[in-house]
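The structure appears below as structure tokens.
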Amino acid sequence: MATARHAATLVLALCALPACSGDVSPDDERSSNQAPTDAPDASPGDSVTSGGNDTNEVVGPGSGTNSTSTQPEVSPTSEPVAPKPDVSTRKPGEVTRFARLTHDQYDNTVRALLGVSDKPSSTFAPDALNGFAFSSSTDFIVDARLAPQYRTAAETLAEQVTVDSSIYERVVPCTDETNECRDEFISDFGRKAFRRPLTNEQTAAFTTLFTQGSDLVASGNAFADGVRVVVEAMLQSPQFLYRMELSTQPSSEDEANTIVLDGYDVASRLSYFIYNSMPDDALFEAAASGELGTVEEIGEHAARMLEDSRALTQLISFHEQAWTFNRYNNIAPDKAKFPDLPSDLNKRLLTASRYFVSDVIEEGGGLEEFLTAPFAYADNAIAPLFGEAVEGDFERIALDPSERLGLLGQPGFLASHAYAQKTDPIHRGLFVVRELMCRGIGEPPAGASMAELPEGSPVPKTTREEIELLTSPDSCAPCHTLFNPAGFAFEGFDAVGQVRTQENGEPVNTSGTLILDGAQVEIDGAIDLIEALANSNEVKRCYARKWFSFAHGRNVTNDDMKIVDGLLAHKSVHDIVTAIVRDPSYLTRPTAEIAQ
Amino acid sequence: MIPFTRPSMRRRQFLSGLGGIAVGLPFLESFKPHQVHAQNEVVKRFGVFFCCNGVNMDVWFPKGDYGALTTSSLEGTTNEALIPFVSKLVFPRGVHMSPRGFGRDGGEGDDHGKGMAHKLTAQFADKNWLALGPSVDQVIARAINPGVDGARTPPLTLRVGRLGKYRGFDYISYTGPSQAVAGINNPWNAYADFMNLGGSAETPSEATDRVSKRRQSVLDLVQEQFQSLQGMQLSKADKDKLDAHFTAVRALEETLTDPNSPVAALSCLDDTLVTRARAYEGSDTVDAFSEYPFIADLQVDIMALALACDATRVASLQFGSGSGGPIFNWDDIKHEYNHHKLSHGKVRDDCFGDSTEDGCDNVEGYKDMLTQIDAWHQSKFARLLQRLDAYTEADGKSVLDNSVIMYSNELSDGKGHSFMNLPYILAGSAGGALKQGQNALLGEGTSYDDQEAPHNKLLNTLVNVMGIESEWFGVAQGEGGDTMQSGMYEDLLA
């Protein structure tokens with residue numbers, strides 16, 4: 001807790017404000033801009049901080065918009081706070097039939113369609129995420145900035161098709177330049193680009209355009225010109241740019257409250273969820289032969305797809321976003337205090353966490369293993385943080401289960417929720433409550449970050465003592481008692497995640513009371529906390545909510561809670577993904593969103 | 001079979017997609033800084049030059065009495081670089097943010113978050129600190145930019161530095177509630193963007209005609225695809241989404257079919273600028289601090305050209321972000337700490353106030369460092385004004401004269417996160433609508449209870465001088481705290 005407490009400059013201005021202490025702005029990005037040069041933001045949408053809207057109840061002084069109220073709405077610890085979901089009933093139209101491809105999806109789709117290696121989206125106007133926690137948002141639109149950029153990309157790619165023989169041969173399935181070849185190209189490429197067969201009207205329209213190609217391009221090769229204009233037009237068509245769900249067949253089973261999705265709609269759903277890209281050949285074939293109509297068939301395809309490397313990338317990406325790995329950017333321990341650490345510690349810790357997540361997924365693990373698996377990854381530079389020695393590159397190392405377990409016991413999490421010299425129990429605790437329990441915690445009252453120790457306070461000897469003093473006033477305690485204890489449980493680790501038993505010569509105190517699953521739970525230390533979390537239904541439900549949200553690209557509503565609860569029975573990541581797509585609702589869409 | 005050319009041709013071909021001509025070939029004209037508008041109409045422009053983390057208040061403002069602004073008012077201040085334009089500037093003084101900071105008017109966000117979200121919107125922020133209404137640049141563009149109502153060119157939104165994330169910290173421009181517009185930080189993309197936005201490429205060649213014809217044919221088909229969807233039963237949200245897209249596609253057609261749109265006689269193609277911007281084609285280092293000064297100059301030049309050639313009449317340029325910013329280490333500035341740290345005079349981002357505990361060491365001489373940063377920003381502002389003033393329009397005035405360019409900052413005193421006595425400059429008279437050469441006192445107090453000169457009224461004044469009648473700007477009247485005001489600052493009007 002390095003926030004200074006003696007804000008002399010503004011004491012006058014602040015005296016009328018409630019003083020809640022501690023710099024508790026969540027996901028504080030202040031230091032994320034301080035990397036000397038090139039801590040690169042990945043492509044827009046890649047480095048999304050979770051948080052967003054997908055939380056249960058929101059408590060805290062800042063939770064009411066336009067409200068000057070600073071009194072939290074919950075009482076301190078008088079009774080356990082059960083998570084009361086603030087999810088709303090789904091409004092018509094909340095589930096879109098037209099999810100615009102995200103920029104990543106555009107790149108992946110173009111890569112699969114044409115075999116190009118470019119990332120055309122690098123020139124697109126970046127999407128603002130506008131509060132949604134995942135890059136899979138279905139809310140993106142095409143505005144007047146993006147439309148011309150889509151045109152430019154389509155023109156460039158279409159031209160590439162006719163100048164690069166390997167792309168041309170992939171796109172045009174025949175070589176004889178006859179009318180039959182033309183028809184075959186339009187039908188084949190059109191089906192892939194639009195992710196369903198062209199209608200007769202579409203076929204006729206694109207054929208007409210094809211024949212105009214020689215006049216419109218005039219390269220001297222009429223057939224290639226036709227290919228070029230057709231590709232150019234298809235890549236700008238809404239059927240390509242949106243994941244459209246065009247099915248209209250009402251279900252016969254539920255009083256027509258739902259529409260049954262056809263095979264092509266299902267194929268795209270599956271593919272963009274699991275691959276973040278367009279359907280592969282097997283999915284297209286299954287869609288064509290009507291083999292995507294039952295949950296069993298979908299389950300089989302999901303199982304096949306989950307073995308693909310594209311799926312692993314996507315599954316890792318989910319966990320990076322759900323658990324705010326972008327905070328690793330902020331890791332910058334004090335050089336004087338930790339002189340032996342490498343300057344690229346943040347990158348190494350990110351790599352280590354990715355390896356860990358990847359192993360858990362590949363070995364059939366799930367939430368429980370993420371929390372409790374007794375191993376980690378370390379290279380020569382970060383192994384000393386574990387008290388281990390590793391030569392050279394990353395290796396899997398065993399953890400002492402009495403000291404560390406899972407992701408929360410690793411330096412990546414611990415150092416990304418710490419200040420340069422000291423630990424940051426407030427944010428460690430907030431992570432547990434916000435990201436693992438999906439509880440909304442509101443903003444601290446204005447001026448909280450400049451609060452001073454209450455008058456007459458003793459001089460604190462440890463970080464914990466300091467934070468307890470700072471957050472003791474009535475305006476702070478009601479919220480802080482909800483998450484500080486979870487953070488204190490990690491006080492057995494220093495700012496870079498090394499085990500410690502003392503701080504400033506004082507023994508660390510890691511005990512506290514937490515509200516979990518509606519009951520008060522006594523915990524002492526990280527292992528205690530981690531095991532409690534791993535056994536908690538609230539934590540499992542939160543994880544399931546995040547999966548639902550990621551899979552569907554929208555926030556969870558009341559209508560979805562039954563599905564979310566159904567996911568709790570599934571343990572491994574693969575099983576959860578499979579359960580999401582095997583839910584009967586995955587084959588349908590609500591009628592309410594169509595008829596209006 | 002086709003005579004295949006080498007794929008490496010593609011890079012070069014990219015620009016042919018922009019204006020239908022291969023940029024860089026000798027037959028192209030570079031722009032000529034004269035005679036911008038063919039017609040005699042005055043085309044007003046609006047620009048925003050936005051900096052973050054406040055300024056060194058001690059030396060930033062004009063010296064001497066309120067009233068006429070003279071050379072000596074700016075001598076020795078951070079704004080010395082603006083002396084050549086002293087007769088075209090107004091410093092609106094004593095303006096405070098409204099809704100206010102420190103949670104005094106409610107709403108979400110910390111002081112930095114509020115500073116960013118409120119400044120161009122005068123709206124509260126949501127729980128992700130995104131503003132709950134449109135920003136002034138978007139409002140003005142919707143009314144005056146080229147195009148037809150409902151399908152006007154969007155404002156050009158540029159930034160220098162890292163792209164934003166999901167929260168409001170990083171954005172200034174909003175199309176609507178919680179709908180931030182992410183600024184473009186790659187100059188090549190920015191240039192390509194406005195070339196597509198309607199900048200005319202004057203190459204009356206056969207090739208261009210064919211490109212237009214091809215695009216028209218392709219567009220016709222694309223529009224057919226849209227129309228085939230419009231018969232479907234759709235939710236309102238999906239209808240709106242498709243409509244917005246269709247409108248944007250229709251706007252592409254407008255620029256193809258209307259020879260008078262845009263009205264500029266000045267080409268938006270500038271060979272030199274193309275060459276300089278092209279260095280960033282596909283670049284993954286646009287957010288490296290070492291590129292910051294180069295990208296700053298490019299973005300300024302691109303903004304000036306875009307306004308001058310009428311690719312857009314509204315543009316904004318944002319430097320860094322609230323609570324962040326680069327380490328200034330160029331142009332004789334050698335800093336060890338980033339802008340945000342220096343704004344607090346501390347070696348760490350998470351320090352606030354004066355305590356030196358917990359590694360919150362002071363940075364000796366930080367105020368002078370802030371002055372260096374501020375002066376550097378103002379030199380870029382001067383560069384923008386110089387460019388705009390060099391273009392002469394048909395009415396004999398410069399583009400700057402027909403524009404109003406607002407300097408705005410997220411905060412005033414960064415160390416205290418103050419939202420009072422904000423640094424503002426208005427440059428240009430918006431075609432004679434604004435007074436010039438003034439150090440204009442609008443509000444006296446700097447106490448946090450001061451209510452005299454809310455910034456929502458300044459934004460409303462600007463909306464009006466751009467020719468759009470408006471009584472009120474920002475949070476609905478009566479709901480935005482007790483400091484907001486209706487109407488205009490009459491003192492600023494000519």
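So that the names make sense, note that chain A is the first sequence line, chain B the second, and so on, each numbered from 1.
- Looking at B:Gln179, the atoms closer than 4.5 Å to chain A (heavy atoms on both sides) sit in the backbone and in the side chain alike.
- In this structure, the portion of A:Phe194 lying under 4.5 Å from any heavy atom of chain B is its side chain and not its backbone.
- The contact between A:Phe140 and chain B is made entirely by backbone atoms, counting heavy-atom distances below 4.5 Å.
- When each of A:Pro238, A:Ala233, A:Ala147 is checked for heavy-atom pairs under 4.5 Å with chain B, A:Pro238 comes out on top.
- Of the atoms belonging to A:Gln212, it is side-chain heavy atoms, and not backbone ones, that fall under 4.5 Å from chain B.
- Of the listed residues (B:Leu229, B:Ile184, B:Thr247), the one with the most heavy-atom contacts under 4.5 Å to chain A is B:Leu229.
- Only the backbone of A:Ala99 comes within less than 4.5 Å of a heavy atom of chain B; no side-chain atom from C-beta onward does.
- Heavy atoms closer than 4.5 Å to chain A are found in the side chain of B:Ser228, but not in its backbone.
- With a threshold of 4.5 angstrom between heavy atoms, A:Gln239 approaches chain B through side-chain atoms but not through N, CA, C or O.
- When heavy atoms are compared at a cutoff of 4.5 Å, A:Asp143 approaches chain B solely by way of its backbone atoms N, CA, C and O.
- Options A:Leu241, A:Leu209, A:Ile167 differ in how many heavy-atom pairs under 4.5 Å they form with chain B, and the most are formed by A:Leu209.
- You'll find the ring centres of B:His245 and A:Tyr242 inside the 6.0 Å limit.
- Using a 4.5 Å cut-off between heavy atoms, A:Met244 contacts chain B through its side chain alone, with no backbone atom that close.
- Put simply, of A:Val229, A:Leu146, A:Thr208, A:Val217, the one with the most heavy-atom pairs under 4.5 Å next to chain B is A:Val217.
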